[in-house]
Number of protein chains: 2
Amino acid sequence: MANRRASITDLAKALNLSTSTISRALADHHDVSEATKKRVRALAEELSYQPNQLAAALRRGRTNTLGVLVPHITGHFFPQVVNGIATEAARLGFNVMICQSNEDVKQERKNIDLLMNSQVEGILVSLANTTKDFGHFEAVRSQNVPLVFFDRVVEGFRGDNVSAVMLDDYQGAYQVVDHLLEQGCTRIAHFTGPLHINIHKGRHQGYLDALKAHGVPVDNQLIIIGELNQKTGAAYMRKLIKQDRRVDAIFASNDLAAVGALQEAKAHGLRVPQDLAIAGFSNEPFTTLVEPQLTTVDQGCDTMGISAVRLLQKMLAGNPDRQMQPRNVVLKPKLFVRESTLKKK
Amino acid sequence: MANRRASITDLAKALNLSTSTISRALADHHDVSEATKKRVRALAEELSYQPNQLAAALRRGRTNTLGVLVPHITGHFFPQVVNGIATEAARLGFNVMICQSNEDVKQERKNIDLLMNSQVEGILVSLANTTKDFGHFEAVRSQNVPLVFFDRVVEGFRGDNVSAVMLDDYQGAYQVVDHLLEQGCTRIAHFTGPLHINIHKGRHQGYLDALKAHGVPVDNQLIIIGELNQKTGAAYMRKLIKQDRRVDAIFASNDLAAVGALQEAKAHGLRVPQDLAIAGFSNEPFTTLVEPQLTTVDQGCDTMGISAVRLLQKMLAGNPDRQMQPRNVVLKPKLFVRESTLKKK
DNA sequence: TTGAAAGCGCTAACAA
DNA sequence: TTGTTAGCGCTTTCAA
């Protein structure tokens with residue numbers, strides 16, 4: 001028997017009270033007698049009454065829900081950020097609706113629509129890497145739903161009620177290279193992704209500036225631009241060895257490429273870090289599982305999620321109707337020095 | 001200016017039509033004239049009208065939403081399963097609401113309530129490992145909301161509209177050990193988690209039975225029960241070496257412990273796989289990053305998610321009001337043989 | 001092909 | 001302290 005859920009009306013009838021009294025009793029409103037509250041609560045318990053949030057939200061005009069849109073919910077980075085978001089949102093009493101775009105603009109558009117239709121009170125989004133056009137965010141902006149971009153942010157799209165949280169990639173890369181230089185390295189190669197992507201641009205600039213600051217000349221032969229994964233990391237390493245570039249350190253803009261390079265270097269008989277120091281970026285869990293453990297940069301994923309929610313919260317709170325100035329938060333990354341770059345002890 | 005969202009009523013007024021016509025036009029109902037539809041759609045576009053799903057769902061009594069509750073949304077396994085769920089759900093036209101219990105029963109209870117209050121049409125859940133009492137699922141069952149447990153399933157809790165998807169851990173472990181025996185190993189140690197947990201029990205039984213099937217005696221000295229992570233894996237390995245147990249293979253019930261053992265073995269000068277074969281369980285991404293690459297068992301996370309949704313879908317579909325027999329799906333794991341156990345070539 | 005009207009379950013202003 | 005009433009935005013019979 002498909003038990004229909006009990007409604008406030010059911011409770012009201014059963015107790016010979018009005019729906020409003022029931023509603024107030026359940027909300028623990030101060031002007032309902034304790035006796036009544038007790039009766040109501042008892043019956044609610046008995047019928048295992050579940051308030052219908054849909055109806056409540058519709059009536060109140062508030063859903064208490066935030067929307068989250070990420071490129072994917074797998075891997076290391078995004079789940080971690082989403083965790084931060086979910087945790088902080090829960091702390092502030094918000095529910096969270098999570099969607100993934102699968103790096104596809106069309107999905108992204110669809111999901112934004114879905115979130116808007118679901119009447120979320122704010123949206124946190126990290127862009128698909130194919131997103132060039134931002135029309136789908138117009139509706140969000142025009143309806144004044146606060147929007148926070150995180151990690152993958154839009155350059156061109158700003159406005160009231162639009163903010164961004166990102167990592168200081170430049171700073172992170174600078175720290176890495178600075179550290180390598182201090183270890184005595186001078187021929188430092190850089191494996192980087194395409195430079196039109198903001199994270200790669202930032203990291204590369206950090207690399208360049210750190211070298212410059214130490215008076216070490218930039219050698220373009222040591223800069224390799226391309227996809228960054230285990231395979232390509234190994235391939236780039238192989239190339240450097242074959243060309244006999246005499247590098248004494250590798251800074252790869254992600255950890256997977258760093259590990260690829262590490263394995264290839266070892267296969268060629270190079271000792272890490274004695275002959276070659278290697279550093280990555282992101283502090284993926286596996287960086288402590290490889291040998292030697294990999295020096296890398298932690299991105300503080302949780303912090304990013306938390307900051308994003310707080311930013312949203314501020315826009316929501318300070319905003320009974322007026323806009324807030326767009327605000328950007330830039331998070332400081334943290335260098336984790338491990339064996340793979342420790343030449344000096 | 002906080003642009004209020006356009007509603008059907010707004011469209012109706014502007015076009016001098018009734019709300020019902022607008023509603024039908026937007027739903028592309030067949031008995032609305034093309035001309036009218038066009039006008040409606042044009043205006044909807046212009047005002048960037050967003051249907052209010054809350055209101056629609058309330059009215060229809062259907063939310064088209066599934067609830068998902070996992071212990072955590074970080075790590076490798078759960079995000080992967082959730083991905084499977086989200087993808088399949090989207091294919092079937094469902095939205096998905098994702099919650100995490102953080103391995104805490106109280107959170108779990110709260111989230112189940114939340115999902116029920118949100119009027120989800122079905123719930124997919126993987127239990128927190130502290131969950132012993134299942135009272136919070138009573139409401140789900142009594143209101144006939146289909147429930148699918150996956151991976152971490154309940155033994156004692158069954159009923160109409162309750163199903164489960166799990167992995168055949170026994171089978172997976174059996175395959176691993178069978179493979180090790182075929183490689184000529186006979187002194188195979190097993191690192192296992194607490195045996196009251198179903199996955200560990202299953203894997204351990206697979207280990208025992210495979211040995212038995214090959215007529216290899218079980219040596220209890222080679223069975224180590226405890227937490228399974230990198231550190232403990234290394235510790236267990238150290239112990240075996242110190243005690244001079246002369247093992248020629250390790251089967252660890254998870255990959256992290258296997259890697260710990262691997263590193264420790266190498267540190268002691270053992271060659272893997274020549275002197276010692278090592279296998280793990282779960283096919284975590286890092287298993288291909290360590291050296292040698294680790295033999296392990298893939299759990300088909302996506303498949304699990306997909307199966308779970310399909311099961312739910314069946315309960316939903318076949319169920320205008322009558323119950324469905326509980327149904328359990330047991331997925332076959334897949335052995336991935338890699339270098340760490342390849343003694344013969 | 002369109003419209004009128006009712007109501008999903010809840011909340012909140014206003015009355016009593 | 002409790003009840004009456006209206007209405008959130010939508011869908012859906014029923015009638016025109």
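The figures here come from the full heavy-atom set of this structure, side chains too, leaving out hydrogens, waters and symmetry mates. In what follows, every chain begins at residue 1, and chains take the letters A, B, ... in the order their sequences are listed.
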N/O contacts under 3.5 Å, protein versus nucleotides 2-4 of chain C?
| unit_1 | atom_1 | unit_2 | atom_2 | d |
| --- | --- | --- | --- | --- |
| dT2(C) | OP1 | Thr36(B) | OG1 | 2.7 |
| dT2(C) | OP2 | Ser33(B) | N | 3.1 |
| dT2(C) | OP2 | Thr36(B) | OG1 | 3.3 |
| dG3(C) | OP2 | Ser18(B) | N | 2.8 |
| dG3(C) | OP2 | Ser18(B) | OG | 3.2 |
| dG3(C) | OP2 | Thr21(B) | OG1 | 2.7 |
| dG3(C) | N7 | Arg24(B) | NH2 | 2.7 |
| dG3(C) | O6 | Arg24(B) | NH1 | 2.9 |
| dG3(C) | O6 | Arg24(B) | NH2 | 3.2 |
| dA4(C) | N6 | Ser20(B) | OG | 3.2 |

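- Taking the side chain as every heavy atom from C-beta outward, Phe137(A) and Val125(A) approach each other to under 4.5 Å.
- Taking atom CG of Asn64(A) as the reference point, atom C1' of dC10(C) lies 15 Å away to the nearest angstrom.
- Put simply, CG on Leu54(B) is 13 Å from P on dT11(C), counting in whole angstrom units.
- Direction of the helix axis in the helix from dT1(C)-dA16(D) to dA16(C)-dT1(D) shifts by 40° between the two five-pair termini, rounded to 10°.
- As a whole-Å value, the separation of Arg59(A) CZ from dG9(C) C1' is 11 Å.
- Remark: nothing in residues 42-53 of chain B comes within less than 4.0 Å of DNA chain C through any heavy atom.
- Rounded to whole Å, the distance from CG on Leu58(A) to P on dG7(C) is 17 Å.
- When atom types are taken as modelled, the side chain of Ser101(A) and the backbone of Gln107(A) share no donor-acceptor pair closer than 3.5 angstrom.
- The shortest distance between side-chain heavy atoms of Gln119(A) and Asn52(B) falls below 4.5 Å.
- Using a 4.5 Å heavy-atom cutoff, the side chains of Val329(B) and Met304(B) are not in contact.
- For the pair Leu66(A)/Val120(A), no side-chain contact is recorded, criterion being any heavy-atom separation below 4.5 Å from C-beta on.
- Side-chain atoms of Met315(A) and Arg327(A), non-hydrogen and from C-beta on, never get closer than 4.5 Å to each other.
- Nucleic acid contact for Ser23(A): base, since at least one base atom lies under 4.0 Å from a heavy atom of the residue.
- Residues Leu331(B) and Val165(B) form a side-chain contact, since some pair of their non-hydrogen atoms from C-beta on lies under 4.5 Å apart.
- In this structure, CG on Asn83(B) lies 8.5 Å from CD1 on Ile306(B), to the nearest 0.5 angstrom.
- Every pair passing side chain to side chain donor-acceptor pair (under 3.5 Å) that includes a residue from residues 10-30 of chain A is listed here, sequence neighbours excluded: Arg4(A)-Asp10(A), Ser7(A)-Asp10(A), Ser18(A)-Ser20(A), Ser18(A)-Thr21(A), Asp28(A)-Lys37(A), His29(A)-Asp31(A).
- Between the CG atom of Asp10(A) and the C1' atom of dC10(C) there is a distance of 13 Å, given to the nearest Å.
- Between the side chain of Asp104(A) and the backbone N or O of Lys106(A), at least one donor-acceptor pair lies under 3.5 Å.
- Within 4.0 Å of Ile8(B), counting heavy atoms only, lie sugar-phosphate atoms of the nucleic acid but no base atom.
- Aromatic pair Phe134(B)/Phe149(B): centroids not less than 6.0 angstrom apart.
- Remark: Glu138(B) engages Arg141(B) in a side-chain hydrogen bond (donor to acceptor under 3.5 Å, both in side chains) (not counting sequence neighbours).
- Within the 4.5 Å cutoff, the side chain of Asn198(A) has heavy atoms near those of the Val153(A) side chain.
- Taking atom CG on Asp28(B) and atom C1' on dT1(C), their separation rounds to 15 Å, with Å as the unit.
- Of all nucleotides in DNA chain D, those with any atom nearer than 4.0 Å to a heavy atom of chain A start and finish, going 5' to 3', at dT1(D) to dG9(D).
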